[in-house]
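All remarks here apply to the structure that follows.
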Number of protein chains: 2
Amino acid sequence: MNFGELVRKSRLKAQSEDRKYSLRKTAVRVGIQPSYLSKIEREELPPPGEEVICKLSEDLGLDTDVMLAMAGKVSTELLEVIRSRPELFAKLLRELKSAPDHAVLKLVREVRDGEW
Amino acid sequence: MNFGELVRKSRLKAQSEDRKYSLRKTAVRVGIQPSYLSKIEREELPPPGEEVICKLSEDLGLDTDVMLAMAGKVSTELLEVIRSRPELFAKLLRELKSAPDHAVLKLVREVRDGEW
DNA sequence: TATAGTGTGTAGTATATACTACACATGAAT
DNA sequence: ATTCATGTGTAGTATATACTACACACTATA
């Protein structure tokens, strides 16, 4: 499943229950031209920029980080986190690159329970 | 200290001990025009692309991740890590955003000692 | 049967990114 | 005194990114 397909699929599903999810109305809410959204959904054009992806995924109730990833991007907010302490986070991410999901999740929980 | 200044400072220091670190020779090794490196060092132009930053930081013995960060970038290798599991790493990074260095380092060590 | 709404086709534009090619002036080396 | 190497100035180019504006044909609605 690519970016455009996922947007179309999600939007059509939403549209089947609420007319406000027509391509045109969705495009207007998101702040882009309908023709542009049309082309995005049919992969005639590459995914849009970060801001549009954010609005779109929020509008359709999709995970923004996942949508950005499907578009080949990473949120500038997360980039900022890395750039603020590049050595530290570069090291961590490289270590975690091949760690299984549950191991990473364990860390997330550990940090959440604030042990410092 | 900005990107250009750091490059110049490091290069001049190296040059004082080895003539091969002249602006021209360094530029040739890195594969760019001397005039371009000159402009980068004097911040007349913004930092170069990732590939040039990598070659440059290796040539000058600087940390690539730090150099990329100073250039407002993050290595595509690390981006790939995040994009491969966006929900997971987004969560982790947001949790760690305001964690102190030693707490993050503790995690790095923990992971390095492979506990999964 | 108007008209309102739907998705799509065509033909662009604006801005940023990442550089190149070559000439020039100054100082160091031979 | 000449050549050689140094850093810099000028004037561009190529490519990618992120869209807009408007017209068209078809479908559903009133």
Side-chain angles (χ1 to χ4, degrees), chain A residues 2-5 7-57 59-60 64 67-76 79 83, chain B residues 2-57 59-60 67-76 79 83:
Chain A
N2 58 34
F3 184 88
E5 283 177 40
V7 169
R8 170 143 295 187
K9 207 198 72 184
S10 309
R11 189 181 58 74
L12 288 180
K13 188 176 169 188
Q15 191 182 18
S16 74
E17 280 161 21
D18 190 337
R19 275 175 209 81
K20 84 174 193 178
Y21 288 102
S22 78
L23 187 150
R24 288 181 102 97
K25 289 180 180 166
T26 303
V28 168
R29 277 195 307 280
V30 167
I32 57 174
Q33 293 287 326
S35 58
Y36 187 37
L37 180 53
S38 171
K39 279 169 273 196
I40 288 168
E41 289 191 352
R42 288 171 298 123
E43 300 264 316
E44 198 190 298
L45 284 183
E50 181 171 354
E51 206 184 315
V52 170
I53 291 177
C54 288
K55 287 183 186 167
L56 199 50
S57 55
D59 196 86
L60 297 174
T64 299
M67 288 290 103
L68 285 169
M70 293 186 80
K73 300 179 200 293
V74 171
S75 100
T76 57
L79 293 185
R83 276 186 306 207
Chain B
N2 58 34
F3 184 88
E5 284 177 41
L6 179 53
V7 169
R8 169 142 297 186
K9 206 197 72 184
S10 309
R11 189 182 56 75
L12 288 180
K13 189 177 170 188
Q15 190 182 20
S16 75
E17 280 159 21
D18 189 337
R19 275 174 209 79
K20 85 172 193 179
Y21 288 102
S22 78
L23 187 149
R24 287 182 101 97
K25 289 181 179 166
T26 303
V28 167
R29 277 196 307 280
V30 167
I32 58 175
Q33 293 288 326
S35 58
Y36 187 37
L37 180 54
S38 171
K39 279 169 271 195
I40 288 168
E41 290 191 350
R42 288 171 298 122
E43 300 264 315
E44 198 191 299
L45 284 182
E50 180 173 354
E51 206 184 315
V52 171
I53 291 177
C54 289
K55 287 183 187 168
L56 199 49
S57 57
D59 196 86
L60 298 174
M67 287 290 103
L68 285 169
M70 293 186 81
K73 299 178 201 294
V74 171
S75 101
T76 57
L79 293 185
R83 275 185 307 206

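The chains referred to below are lettered A, B, ... by the order of the sequence lines, with proteins before strands, and numbering in each begins at 1. Everything quoted here is computed from the prediction, not taken from an experiment.
Comparing atom distances between the B:Y36 side chain and each of D:dT8, C:dT20, C:dG9 picks out C:dT20 as nearest. Considering only side-chain atoms of B:Q33, the nucleotide from C:dT20, D:dA18, C:dT8 that sits closest is C:dT20. Listed nucleotides C:dA18, D:dA18, D:dT10 differ in distance to B:E44; the shortest reach to its side chain belongs to D:dT10.
At whole-Å resolution of the value, CD1 in A:I40 and P in D:dT17 are 14 Å apart. Distance CD (A:E41) to C1' (C:dG7): 10 Å, rounded to an integer number of Å. One atom, CG of A:L56, and another, P of D:dA18, lie 14 Å apart when rounded to the nearest Å. Counting to the nearest Å, the P atom of D:dA16 and the CD atom of A:E50 are 22 Å from each other. Computed from coordinates, the A:L45 CG to C:dG12 C1' distance equals 12 Å when rounded to whole Å. In this structure, the CD1 atom of B:I32 is 15 Å from the C1' atom of C:dT17, given to the nearest Å.
Atoms CZ and CZ, on A:R8 and A:R42 in that order, are 6.5 Å from each other to the nearest 0.5 Å. Between the CG atom of A:L56 and the CD1 atom of A:I32 there is a distance of 6.5 Å, given to the nearest 0.5 Å. From A:E41, atom CD reaches atom OG of A:S10 across 9.0 Å, with rounding to the nearest 0.5 Å.
Base contact: B:P34 has a heavy atom under 4.0 Å from a base atom. Nucleic acid contact class of A:Q15 (heavy atoms, under 4.0 Å, all strands): sugar-phosphate only. The residue B:L37 sits apart from the nucleic acid: no heavy atom pair falls under 4.0 Å.
Contact check, B:R11 against D:dT6: no side-chain N or O comes under 4.0 Å of OP1 or OP2. Taking only side-chain nitrogens and oxygens, B:R8 comes nearer than 4.0 Å to OP1 or OP2 of D:dT8.
Contact of B:K39 with D:dT10 (side chain to base): a donor-acceptor pair of N or O atoms is detected under 3.5 Å.
For the pair B:M67 and B:L6, the minimum side-chain heavy-atom distance is below 4.5 Å. B:L60 has its side chain out of reach of B:K13: every pair of non-hydrogen atoms, C-beta onward, lies at least 4.5 Å apart. Between A:L37 and A:T26, some side-chain heavy-atom pair lies under the 4.5 Å cut-off.
A salt bridge does not link A:E50 with A:K73: none of the charged nitrogens is closer than 4.0 Å to a carboxylate oxygen.
DNA chain C is contacted by B:G31 of residues 18-31 of chain B, taking any non-hydrogen atom closer than 4.0 Å.
Judged purely by atom type and a 3.5 angstrom limit, B:R24 has no side-chain atom pairing as donor or acceptor with the backbone of B:P34. A distance-only check finds a donor-acceptor pair linking the side chain of A:R11 to the backbone of A:Y21 [under 3.5 Å].
Across all non-hydrogen atoms, the minimal contact from B:L68 to B:V74 is CD1-C, 4.5 Å.
In DNA chain C, runs of at least 3 consecutive Watson-Crick or G-U pairs, each pair with both distances below 3.5 Å, span C:1-30 with D:1-30.
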